[in-house]
Amino acid sequence: MNNADEARERTPDSEIEELRNNVEAGRYEAELADGDIAVLDYQAVDDGLLFTHTETPVRHRHQGIAGELTRYALDDTIDRGLKICLLYT
């Protein structure tokens with residue numbers, strides 16, 4: 001079974017209230033309606049951002065939150081004229 005098969009409808013508690021770049025913490029954040037936060041960590045490198053890790057609170061997984069946060073981060077990085085660097089482990 002893949003992630004698409006496991007996707008389920010987003011619950012009211014999982015609605016994204018705000019997407020933001022927390023520069024001080026080096027991460028993009030999705031603040032959810034219940035106060036939980038999903039994150040996409042990065043490191044500034046040369047003229048780009050190196051994306052290193054995503055994490056969504058367990059009860060909010062498989063609802064598309066990480067994907068929406070990633071799209072926001074990539075769009076913001078491109079809009080700022082920075083290069084996108086990925087880390088595969």
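All values below were derived from every heavy atom in this structure, side-chain atoms included, with hydrogens, water molecules and symmetry-related copies excluded.
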Task: Heavy-atom pair with the smallest gap, counting every atom of Asp34 and His60 - done: OD2-NE2, 3.0 Å
How long is the span from the [atom1] atom in [X] to the [atom2] atom in [Y], to the nearest 0.5 Å?
X: Ile84; Y: Ile78; atom1: CD1; atom2: CD1; result: 4.0 Å
X: Leu69; Y: Leu74; atom1: CG; atom2: CG; result: 9.5 Å
X: Glu68; Y: Thr56; atom1: CD; atom2: OG1; result: 11.0 Å
X: Glu55; Y: Arg61; atom1: CD; atom2: CZ; result: 6.0 Å

Using residues 24-33 as the side-chain source, report each donor-acceptor pair under 3.5 Å to any protein atom, sequence neighbours left out, with the distance given to one decimal.
residue, atom, partner, partner atom, Å
Arg27, NE, Glu29, OE2, 2.7
Arg27, NH2, Glu29, OE2, 3.0
Tyr28, OH, Asp76, OD2, 2.5
Tyr28, OH, Arg80, NH1, 3.3
Glu29, OE1, Arg20, NE, 2.6
Glu29, OE1, Arg20, NH2, 3.2
Glu29, OE2, Asn22, ND2, 3.0
Glu31, OE1, Arg20, NH1, 2.8
Glu31, OE1, Arg20, NH2, 3.4

Task: salt bridge (charged side-chain N to carboxylate O under 4.0 Å, His left out) involving Asp75 - partner list, sequence neighbours excluded - done: none
TODO: Give the C-alpha distance, both sets of side-chain angles, the deciding distance and a yes or no for side-chain contact (heavy atoms from CB on, under 4.5 Å) between Arg59 and Asp36.
DONE: CA-CA 10 Å; Arg59 66 191 207 100; Asp36 281 350; 3.7 Å; yes
Would you give me the side-chain donor-acceptor pairs under 3.5 Å for residues 37-50, sequence neighbours excluded?
residue, atom, partner, partner atom, Å
Tyr42, OH, Asn21, OD1, 2.7

